[in-house]
Amino acid sequence: MKNVALFGAGRIGRIHAANLCSLPGLRLAHVCDPMPEQARALAQLTGAAASTPEAALADPAVHAVVIASPTSTHYDLIHRSAQAGKHIFCEKPVDLSAGRARECAARVQAAGVACMIGFQRRFDPTFAQAVAELRRGDIGEPEMLIVTSRDPGAPPADYIRQSGGIFRDMLIHDFDVFRWVLCADGDEAQWLSASGSVLTDPAIAELGDADSTAVTIRTRKGRLCQINTSRRAAYGYDQRFEVLGSHGMLQCGNETRTRVSRWGPDGVRADKPEDFFLQRYAAAYRSEISHFFECVQSGARPGTTVDDGVQAQVLADAAAASWASGAAVQL
């Protein structure tokens, strides 16, 4: 039986806690959160102890940690967990700067522990199937990727204020999708241009952020990626991508509540996309945490490493710099 400590008892922490408790051979031993009442409530539901990070990391029975706390805590918790010899699963991003993310990667490497970053889109069944077909050569050589990523609404102002901005908070996932799809053969981004606007809520401009963005990336091999994002999609959580290859195209559409479409004299109707990421990526969250502990058990390299987190952060920093300066960035 492997004992696990969970840092963070908020929305995403509760998702991970439920998935951890469903996996055979695992026991959620500690739940840690700065808000004691949240920690106690989740601990009571899962049979864990409401604890402190110090107690959890000092517990020799704890084999691994899951970090689902706010981004501002990731750097410290990764360092402390690695120093304690615990394997680490950490929600994205590693940190809000590429430099500090690299420091985390160095500490993890020095400690010799596994560290997986929670880019759950790689574990979405639809996206994973498309990438498997791409790797198999079904559409030839990949040439262009188009990513659409739109939330149904903006998060609260307090969240945006400390999020690091839309490029580091929201697009970090899309930058990882770009690398996953187009860079598996060692290709990487060479040139990036980003623009952003405030189109959905003037208050977001007062916070120094954008709510709508367009990013273009060119790789060393000349492959192209276009990413469009918005904090507001009136019809639901819109997550799609398509890959154009030398022999065809792969398209990944949205998940809907049902796949039933109704055809009639007034037109065709179908369910809109899922409401939010917790519904859209429910299967992906289950799959990624299972994958992490399979890797811990076998010693295999996790599918999304701390180095992937660093590279996604490099792109996020470059996009923020490009938007701020109005100029493209050479990488």
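Here H74 pairs with nothing under the ring-ring contact (aromatic ring centres under 6.0 Å, His included) rule; sequence neighbours left out. The salt bridge (Lys or Arg N to Asp or Glu O under 4.0 Å) test applied to R240 returns D238, not counting sequence neighbours. Here D211 pairs with nothing under the salt bridge (Lys or Arg N to Asp or Glu O under 4.0 Å) rule; sequence neighbours left out. Listed by chain and number, the residues in a salt bridge (Lys or Arg N to Asp or Glu O under 4.0 Å) with D187 are R223 (sequence neighbours excluded). The ring-ring contact (aromatic ring centres under 6.0 Å, His included) check on F277 picks up nothing, with sequence neighbours excluded. Every residue two or more places apart in sequence or in another chain that forms a side-chain contact (heavy atoms from CB on, under 4.5 Å) with Q190 is listed here: R220, Q330. The salt bridge (Lys or Arg N to Asp or Glu O under 4.0 Å) search around R161 returns D158, not counting sequence neighbours.
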Which donor-acceptor pairs under 3.5 Å do side chains of residues 293-300 form with protein atoms, sequence neighbours excluded?
residue : atom : partner : partner atom : Å
E294    : OE2  : S290    : OG           : 3.3
S298    : OG   : E294    : O            : 3.0
S298    : OG   : A300    : N            : 3.2

Can you give me every donor-acceptor pair (side chain of residues 305-314, partner residue at least two apart or in another chain, under 3.5 Å) with its distance?
residue : atom : partner : partner atom : Å
T305    : OG1  : D307    : N            : 3.2
T305    : OG1  : D308    : N            : 3.3
T305    : OG1  : D308    : OD2          : 3.4
D308    : OD1  : R179    : NH1          : 3.0
D308    : OD2  : T305    : N            : 2.9
Q313    : NE2  : D317    : OD1          : 3.3

In residues 19-39, what donor-acceptor pairs under 3.5 Å come from side-chain atoms, sequence neighbours left out?
residue : atom : partner : partner atom : Å
N19     : ND2  : I15     : O            : 3.3
S22     : OG   : N19     : O            : 2.7
R27     : NH1  : N3      : OD1          : 3.0
H30     : ND1  : S51     : OG           : 3.1
H30     : NE2  : D59     : OD2          : 2.8
D33     : OD1  : M35     : N            : 2.8
D33     : OD2  : A9      : N            : 2.8

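N254 and R280 are not linked by any side-chain donor-acceptor pair at a separation below 3.5 angstrom, with hydrogens and angles left out of the test. No hydrogens or angles considered: nothing links the side chains of S193 and T216 as a donor-acceptor pair under 3.5 Å.
To the nearest 0.5 angstrom, S322 atom OG is 10.5 Å from I217 atom CD1. For the atom pair F175 CZ and F167 CZ, the distance stands at 6.5 Å (nearest 0.5 Å). Atom CZ of F123 and atom CZ of R286 lie 14.0 Å apart (nearest 0.5 Å).
Sorted by first then second residue, the salt bridge (Lys or Arg N to Asp or Glu O under 4.0 Å) pairs that include residues 3-14, not counting sequence neighbours, number zero. For residues 243-256, the salt bridge (Lys or Arg N to Asp or Glu O under 4.0 Å) pairs, not counting sequence neighbours, are E255-R259.
Between Y285 and H16, the two ring planes are perpendicular [angle over 60°; tilted spans 30° to 60°].
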